[in-house]
Amino acid sequence: MPEIHRNIPDSAGLNAFRADPAMRRLLEVYLDAETFAALLPHLDRMGGLVGGELEELALTADKNPPELRIRNRIGAEDQRVEKHPAYERLEYYAFGEFGLAAMSHRGGVFGRPDKLPPLAKYALVYLFVQAEFGLCCPLSMTDSLTRTLVKFGDPELVAEYFDQLTSQDMDLLFQGAMFMTEQMAGSDVGAIETVARKDADGNWRLHGDKWFCSNPDADLAMVLARPEGAGEGTKALSLFLLPKRLPDGTRNAYRILRLKEKMGTKSMASGEIALEGAVAHLVGDPGQGFKQMTDMINMSRLANGVRSAGMMRRSVAEAMFIARNRTAFGKRLADLPLMRRQLLKMLVTAEQGRSMVFHTARVLARADAGDAAAAKVLRIMTPLLKFRTCRDARKVAGDAMEVRGGCGYIEEFSDARVLRDAHLGSIWEGTSNIVALDVARAVKREGALVALRAHLEALAEEAGNMLPGGLDDALARACDYMEAVAADRAREGEVRQAASAVYNAASAVIMAWEDARMTGASGDRSRLAGLVLQHKLMPRDPLGGGDTEADGDLLDRALYEAKPMMEAAE
């Protein structure tokens, strides 16, 4: 058990999975019994590592960022990114032991004969990110690059790299990256200036600068470029696979110009790339690059949402641990009315994110199995999740730091690191404005909201009496509002508000549905849904007051229900 010393509670050693009984109950809802039973020991193993070795490694890696080396000690050109051993050990756990970049693409991980469902991966990442965020970017890019390559690439190209991309042997593994951003082409992808030219041998060669490339020393990268003479805009872009090394072992013709000095994710390298005639392989059809890259971007956006939800859980778990174990003014923090209100608000927001993550993974599995309606639901749930969950993580992480007090501002604890990392989710793979506009685009051009609304109405019917009164009306109003805003260009300034309304309504319906499917459930998720309805979807008089203890028993269960499980495990 974690040590409680001199009224400075330290959760080091806490098993993040055992300390979160709600996660186990939710996974029993979302996974079939056989998959859940097979995954359970690995969830427990990951939970123990998160509270122990992974946390220590993450703190060390954060303080020892990677360094760019241009030459070796005798002056020969030898460009490489040197990673700290702590980061390399984190890589071993993520890519090696747990196979997080492989399990969605092949059988064999954990001895299972078939590929595992998306939620198996996301559940483990949800735990892993509670210790380390930075590595999750190369992890998700490797995973999504493999998906995009298999989906659109020539079979011979897929065969050449698939085994290495999905290897759990760290000496054989190829990591992936995505080189898209340029100085003049951040969110405006159509402004990309990188040019692809064919040489005399028929090879494509890339020329240009890429401004923000995470994992820049990756073995393979997906790159958007404009074939010479193809025209302007996104419709002229093609997708290319860029290997770091050529078949003869020599380095490909591109340079890492420098590494970025970032606010967060310090453990993981991000840099600037100069493409100087680098050989690359065309992926899919010419001129379809942006559409094909969108698949990789959407998977990265979903992964961003998973990470943000996981960091919110870490923040809430830390805050509740402190509140249980620290006293002030003769009382535990957990018994002070203002603290209880703060904890409950954090809990509601974090549980919204978790439900959206788990349910989106369920929809992804159906979409990948060929369900056309699920594909439309996925199309809108992914940007909704990325938009709102990533923004919420910043607030929840900041509130958790405040609960710890002055110690939370000290880098010996992880509160500051989590807060710095939490800010990245709403920037990577599209800022909040861009992603909210993508929600509107999915509504207007693809009819995705019609599919989502039908899906949520079916869930509401299944939820039965677990659905809080008035939530069905709030869902209808949120969808109507989003439809109206998406259809009227003059109302573009309301897109974020409308997207937030749909997110809140969707998450509340999903939580009520989860409660209805749980065995021996306490009704807590339905009550969480009711709090979303009350505080995020209905009008409130800011001067009208309110009963801050109305859901005290709900908070108490979140605060204390994990203790018997942890003590039994000891």
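Remark: Arg307 qualifies as a cation-pi partner of Phe133 under the 6.0 Å distance and 45° angle criteria applied to the six-membered ring.
For the pair Leu471 and Val532, the minimum side-chain heavy-atom distance is 4.5 Å or more. For the pair Leu239 and Gln288, the minimum side-chain heavy-atom distance is 4.5 Å or more. Between Thr194 and Arg226 the shortest side-chain heavy-atom distance does not fall below 4.5 Å. In this structure the side chain of Arg540 reaches within 4.5 angstrom of the side chain of Gln534, judged on heavy atoms. The side-chain heavy atoms of Met356 and Ile510, taken from C-beta on, include a pair separated by under 4.5 Å. Considering only heavy atoms from C-beta on, Leu343 comes within 4.5 Å of Leu555 through its side chain. Annotation: side chain of Thr146 is not in contact with side chain of Met299 (no heavy-atom distance under 4.5 Å).
For His455, the ring pair (Phe, Tyr, Trp, His ring centres under 6.0 Å) test picks out His359, with sequence neighbours left out. Listed by chain and residue number, Lys395 satisfy the salt bridge (Lys or Arg N to Asp or Glu O under 4.0 Å) test with Asp399 (two or more places apart in sequence, or in another chain). In this structure, Glu193 has no salt bridge (Lys or Arg N to Asp or Glu O under 4.0 Å) partners at least two apart in sequence or on a different chain. Looking at residues two or more places apart in sequence or on another chain, you find a ring pair (Phe, Tyr, Trp, His ring centres under 6.0 Å) between Trp204 and Phe240. Here Lys386 pairs with nothing under the salt bridge (Lys or Arg N to Asp or Glu O under 4.0 Å) rule; sequence neighbours left out. For Arg420, the salt bridge (Lys or Arg N to Asp or Glu O under 4.0 Å) criterion is met by Asp62, Glu411, not counting sequence neighbours. With sequence neighbours left out, His423 forms a ring pair (Phe, Tyr, Trp, His ring centres under 6.0 Å) with no residue at all. For Phe128, there are no ring pair (Phe, Tyr, Trp, His ring centres under 6.0 Å) partners two or more places apart in sequence or in a different chain. Scored by the side-chain contact (heavy atoms from CB on, under 4.5 Å) test, Ala460 finds Leu467, Val509 as partners (sequence neighbours excluded).
Note that the OG1 atom of Thr382 and the CZ atom of Phe387 stand 15.0 Å from one another [nearest 0.5 Å].
A salt bridge links Arg354 with Asp20: the distance from a Lys NZ or Arg NE/NH1/NH2 to an Asp or Glu carboxylate oxygen falls below 4.0 Å. At a threshold of 4.0 Å, the pair Arg489-Glu492 counts as salt-bridged, since one of the basic side-chain nitrogens sits closer than that to a carboxylate oxygen. Using a 4.0 Å cut-off between charged nitrogen and carboxylate oxygen, Arg112 and Glu34 count as a salt-bridge pair.
Around atom CD of Glu462, more than 12 heavy atoms belonging to other residues, nucleotides or ligands sit under 6.0 Å away. Within a 6.0 Å sphere centred on CE of Met263, heavy atoms belonging to other residues, nucleotides or ligands number more than 12.
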What donor-acceptor contacts under 3.5 angstrom involve side-chain atoms of residues 148-162, with partners at least two apart or in another chain?
from, atom 1, to, atom 2, distance (Å)
Thr148, OG1, Ser144, O, 3.0
Lys151, NZ, Asp295, OD1, 3.0
Asp154, OD1, Glu156, N, 2.9

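Heavy atoms only, all atoms of each residue included: Ala478 and Val502 are closest at O-CG2, 3.7 Å. Heavy atoms only, all atoms of each residue included: Leu384 and Val439 are closest at N-CG2, 3.9 Å. Of all heavy-atom pairs between Leu282 and Ser238, the closest is CD1-CB, 3.8 Å. The heavy-atom pair separating Met346 from Ala319 by the smallest distance is CE-CB, 3.8 Å.
For residues 357-378, the set of pairs meeting the salt bridge (Lys or Arg N to Asp or Glu O under 4.0 Å) definition, not counting sequence neighbours, comprises Arg147-Asp368. A salt bridge (Lys or Arg N to Asp or Glu O under 4.0 Å) check over residues 426-455, counting only residues at least two apart or in different chains, returns the pairs Arg301-Asp438, Arg379-Asp438, Arg379-Glu446, Asp438-Arg441, Arg453-Glu457, Arg453-Asp480.
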(request) Take Thr389 and Tyr503 through the side-chain hydrogen bond (donor to acceptor under 3.5 Å, both in side chains) test and state the conclusion after the steps. (result) CA-CA 9 Å; Thr389 307; Tyr503 174 91; 3.0 Å; yes
(request) Take Ser432 and Arg388 through the test side-chain hydrogen bond (donor to acceptor under 3.5 Å, both in side chains) and record every step on the way to the result. (result) CA-CA 8 Å; Ser432 298; Arg388 189 69 262 164; over 6 Å; no
(request) Begin with the C-alpha distance, continue with both residues' side-chain angles, and end with the deciding distance and a verdict on side chain to side chain contact (heavy atoms under 4.5 Å, CB included) for Ser214 and Trp428. (result) CA-CA 10 Å; Ser214 290; Trp428 254 348; 3.2 Å; yes
(message) What verdict does the side-chain hydrogen bond (donor to acceptor under 3.5 Å, both in side chains) test give for Lys291 and Thr234, after you've listed the backbone C-alpha separation in whole Å, the side-chain angles of each residue and the deciding distance to 0.1 Å?
(response) CA-CA 9 Å; Lys291 290 182 181 179; Thr234 57; over 6 Å; no
(message) Checking Trp513 against Tyr30 for the ring pair (Phe, Tyr, Trp, His ring centres under 6.0 Å) test, could you report, in this order, the C-alpha distance in whole Å, the side-chain angles of both residues, the deciding distance, and whether it holds?
(response) CA-CA 11 Å; Trp513 172 83; Tyr30 282 102; 5.7 Å; yes
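Of the possible polar contacts, one joining the Lys262 side chain to the Met268 backbone as a donor-acceptor pair under 3.5 Å is found.
Between the side chains of Ser500 and Arg391, no donor N or O sits under 3.5 Å from an acceptor N or O. With 3.5 Å as the limit, one finds a donor-acceptor pair spanning the side chains of Gln352 and Asn504.
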